[in-house]
Amino acid sequence: MKAMIFAAGLGTRLKPLTDTIPKALVPLAGKPLLQWQVDKLRDAGITDIIVNVHHFPDMIIDVIRANKGWGCNITVSDERDMLLDTGGGLKKAVGEEPILACNVDILSNIDLRALVGAYERTGVSQLVVSERKTQRYLCFDDKDRLCGWTNIATGEIKGKEGRHLAFSGLQILNGEALYLLQQIPEDKFSLISFYLDAMNKTPLQAYVPVDYRMMDVGKIDQIEEAERFAESL
């Protein structure tokens with residue numbers, strides 16, 4: 001299993017830190033956000049990793065090289081010419097080999113080996129979701145397959161209504177889903193928009209981890225809380 005870490009974002013919510021360093025290198029409890037993700041993947045036996053870059057790309061590349069990939073084979077997908085969003089970034093970086101994709105700034109206690117095991121047992125793409133409270137939800141049918149999306153604050157619905165589960169930014173996509181991804185004509189688009197287009201062509205399964213805890217390290221005033229969370233994992 002290969003993995004991709006989405007690390008190309010501008011990190012605007014982490015200003016002023018990201019005025020001088022990329023979001024992926026924001027320090028958290030003694031190591032950069034990127035290393036937290038790489039370490040977790042490596043500990044789960046995933047050592048072939050792609051990292052996309054855009055904001056201060058050379059800084060990320062230099063840190064990866066200086067640390068010899070933290071024991072992993074890390075390749076870089078360069079988006080310095082244009083930030084491609086999650087869907088476009090994945091499309092640029094991968095082919096049709098199954099891949100686990102995650103965000104550099106989301107920490108969690110998920111057991112990645114269990115997630116990979118669920119994928120290997122079924123061969124079906126897995127979207128990691130939970131019952132966390134938010135405004136925007138993915139909707140799943142009675143077979144826990146993606147059927148729609150909703151914003152409960154505005155009442156907007158795309159696709160069909162169903163069980164509301166919050167997306168975690170973590171997924172495993174199979175070859176069929178990645179083939180469909182490569183057929184998208186645009187270069188820049190989100191994975192959510194892709195999923196809503198692809199859900200009637202390939203099954204996208206809800207994966208709900210047991211006792212799941214996660215944190216989006218997205219705001220400057222959350223750094224201290226995020227450090228405590230990271231140390232508790």
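Criterion: ILVMFWY side-chain heavy atoms under 4.5 Å apart, direct or through other members. Under it, Leu100 and Tyr119 are part of a common hydrophobic cluster. Clustering ILVMFWY residues whenever any of their side-chain heavy atoms sit less than 4.5 angstrom apart, transitively, puts Leu233 in the very cluster that holds Val128. Grouping the Ile, Leu, Val, Met, Phe, Trp and Tyr side chains by contacts below 4.5 angstrom, directly or via other members, places Met199 apart from Ile172.
Gln126 has its side chain within reach of Thr122: a pair of non-hydrogen atoms, C-beta onward, lies under 4.5 Å apart. By the 4.5 Å heavy-atom criterion applied to side chains, Leu90 and Phe189 are not counted as neighbours.
A side-chain donor-acceptor contact under 3.5 Å links Lys91 to the backbone of Glu186. Judged purely by atom type and a 3.5 angstrom limit, Asn174 uses its side chain to pair as donor or acceptor with the backbone of Glu176. For Arg42 (side chain) and Trp70 (main-chain N/O), a donor-acceptor pair under 3.5 Å exists by modelled atom type. Between the Asp111 side chain and the Ala114 main chain, a donor and an acceptor come within less than 3.5 Å of each other. When atom types are taken as modelled, the side chain of Arg136 and the backbone of Phe167 share no donor-acceptor pair closer than 3.5 angstrom. The backbone N or O of Ala230 sits nowhere less than 3.5 Å from a side-chain atom of Trp36 that would complete a donor-acceptor pair. Judged purely by atom type and a 3.5 angstrom limit, Gln182 uses its side chain to pair as donor or acceptor with the backbone of Val94. Judged by distance alone, the side chain of Asn151 and the main-chain N or O of Gly155 form no donor-acceptor pair under 3.5 Å. A side-chain donor-acceptor contact under 3.5 Å links Gln222 to the backbone of Lys219.
A salt bridge does not link Asp141 to Arg145: none of the charged side-chain nitrogens sits closer than 4.0 Å to a carboxylate oxygen.
One distance of note links CG of Leu112 with SG of Cys102; it measures 7.5 Å at 0.5 Å rounding. Remark: Leu138 CG to Leu146 CG distance equals 5.5 Å, nearest 0.5 Å. Taken from OG in Ser168 to CG in Leu127, the straight-line distance is 8.5 Å, to the nearest 0.5 Å. Residue Thr150 holds its OG1 atom at 11.0 Å from CD of Gln135, rounded to the nearest 0.5 Å.
Counting heavy atoms of neighbouring residues, nucleotides and ligands inside a 6.0 Å radius, atom CD of Glu131 does not exceed 12 of them.
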- Message: Please determine whether side-chain hydrogen bond (donor to acceptor under 3.5 Å, both in side chains) holds for the pair Gln171 and Tyr195, giving the CA-CA distance in whole Å, both sets of side-chain angles, and the decisive distance to 0.1 Å.
- Response: CA-CA 11 Å; Gln171 55 265 295; Tyr195 291 152; 2.9 Å; yes

- Task: Carefully, step by step, assess Asn52 and Glu79 under the rule side-chain hydrogen bond (donor to acceptor under 3.5 Å, both in side chains).
- Result: CA-CA 7 Å; Asn52 67 344; Glu79 296 180 21; 2.9 Å; yes

- Query: What do the steps show when you test Asp85 against Ser190 for side-chain hydrogen bond (donor to acceptor under 3.5 Å, both in side chains), and what is the final call?
  - Reply: CA-CA 5 Å; Asp85 207 339; Ser190 73; 4.9 Å; no

